[in-house]
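All values below were derived from every heavy atom in this structure, side-chain atoms included, with hydrogens, water molecules and symmetry-related copies excluded.
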Amino acid sequence: MKRKEKTKEEALLRLENLCSRSEQCEFELERKMIGWEVRREDRKAILEELRENRYVDDKRFARSYANDKARFSAWGPNKIRMELIKRHIKSSDISEALHGVEQEVWKTGLLRNARSKAKNLQLDLEGEEGYLERQKLYRYLIGRGFPSSAVSAVVKKLSNSSKG
């Protein structure tokens, strides 16, 4: 069954409602309208109106996204940066959003991820087998978006604390 094409007015009303409930970026709204088969010229007009009425602001979205993902999902800055790039957010807005997250939030997220993963895998970070397990932990934390230097320091700290 084919979805009904939305008119400009219907799409605008739905998007205003969505934007008033949660932060959105222009790229995601554009994708929604494409799915609704809204005409290209109408999509541009709708986005312009949403911008003018401050329903959508990519800079505000980037700040909110970075803070939420760092605090609640314990993502590192690299992963957040990649997700914002996928959403076509300007690199200056991304940098500003990442700098807006407190250093303590990054440290807490990294340590929380490391401890949780080490506990779940019941990693023994010492000895020969410990090397492979430290590598697993290292790769996991890099995948969560944390910088290599910070990951190395935390893995070393955890393996030192497991010795004593």
Do [X] and [Y] come close enough that some side-chain heavy atom pair is under 4.5 Å?
{"X": "His88", "Y": "Cys25", "value": "no"}
{"X": "Leu111", "Y": "Lys107", "value": "no"}
{"X": "Tyr138", "Y": "Ile142", "value": "yes"}
{"X": "Met33", "Y": "Asp42", "value": "no"}

- Message: Before you tell me yes or no, could you show the steps for Lys136 and Glu133 under salt bridge (charged side-chain N to carboxylate O under 4.0 Å, His left out), namely the whole-Å CA-CA distance, both residues' side-chain angles and the distance that decides it to 0.1 Å?
- Response: CA-CA 5 Å; Lys136 274 186 200 175; Glu133 292 181 337; 5.6 Å; no
Nearest 0.5 Å please: distance from the [atom1] atom of [X] over to the [atom2] atom of [Y].
{"X": "Lys32", "Y": "Gln24", "atom1": "NZ", "atom2": "CD", "result": "6.5 Å"}
{"X": "Arg87", "Y": "Glu30", "atom1": "CZ", "atom2": "CD", "result": "15.0 Å"}
{"X": "Ile80", "Y": "Met82", "atom1": "CD1", "atom2": "CE", "result": "13.0 Å"}
{"X": "Glu102", "Y": "Glu104", "atom1": "CD", "atom2": "CD", "result": "8.5 Å"}
{"X": "Leu158", "Y": "Arg115", "atom1": "CG", "atom2": "CZ", "result": "6.5 Å"}
{"X": "Ile34", "Y": "Arg39", "atom1": "CD1", "atom2": "CZ", "result": "15.0 Å"}

- Looking at Glu28 and Arg31, does any basic side-chain N land under 4.0 Å from a carboxylate oxygen?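 Judged by the 4.0 Å cut-off on N to carboxylate O distance, Glu28 and Arg31 do not form a salt bridge.
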- Message: What I want to find out is whether Lys44 reaches Glu48 closely enough, with some N-O distance under 4.0 Å, to be called a salt bridge.
- Response: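 So Lys44 does not pair with Glu48 through a salt bridge.
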- Item | hydrophobic_cluster_shared for Trp106 and Leu84, side chain cutoff 4.5 Å |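 Yes, because Leu84 and Trp106 connect within a single hydrophobic cluster, where side-chain heavy atoms sit under 4.5 Å apart.
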- Query: Taking a hydrophobic cluster as the set of Ile, Leu, Val, Met, Phe, Trp and Tyr residues connected by side-chain heavy atoms closer than 4.5 Å, whether directly or through intermediates, do Val101 and Leu110 fall within one such cluster?
  - Reply: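 Cluster IDs for Val101 and Leu110 differ.
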- Query: What heavy-atom pair brings Ile89 and Ile94 nearest, and what distance separates the two atoms?
  - Reply: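 Result for this residue pair: O-CD1, 3.5 Å.
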- Message: Looking at every heavy atom in both Pro77 and Phe146, which two are closest together, and how far apart are they?
- Response: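 That closest heavy-atom pairing would be CD-CD2, 4.3 Å.
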Only distances under 3.5 Å count here; give the side-chain donor-acceptor pairs of residues 6-19 to other protein atoms, sequence neighbours excluded, each with its distance to 0.1 Å.
residue, atom, partner, partner atom, Å
Thr7, OG1, Glu10, N, 3.1
Thr7, OG1, Glu10, OE1, 3.4
Glu10, OE1, Thr7, N, 2.9

- For Arg81 and Ser95, run side chain to side chain contact (heavy atoms under 4.5 Å, CB included): C-alpha distance rounded to whole Å, both residues' side-chain angles, the deciding distance at 0.1 Å, then the answer. CA-CA 8 Å; Arg81 178 181 303 281; Ser95 294; 3.9 Å; yes
Considering only distance and modelled atom types, tabulate donor-acceptor pairs under 3.5 Å from the side chains of residues 58-76, sequence neighbours left out.
residue, atom, partner, partner atom, Å
Asp58, OD1, Glu26, N, 3.0
Arg60, NE, Glu23, OE1, 3.1
Arg60, NE, Glu23, OE2, 2.8
Arg60, NH1, Arg54, O, 3.4
Arg60, NH2, Arg54, O, 3.2
Arg60, NH2, Tyr55, O, 3.2
Asn67, ND2, Arg63, O, 3.2

- Name all residues meeting the ring-ring contact (aromatic ring centres under 6.0 Å, His included) criterion together with His99; count only those two or more places apart in sequence or in a different chain, and write none if there are none.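 ring-ring contact (aromatic ring centres under 6.0 Å, His included) check on His99 returns nothing, list empty.
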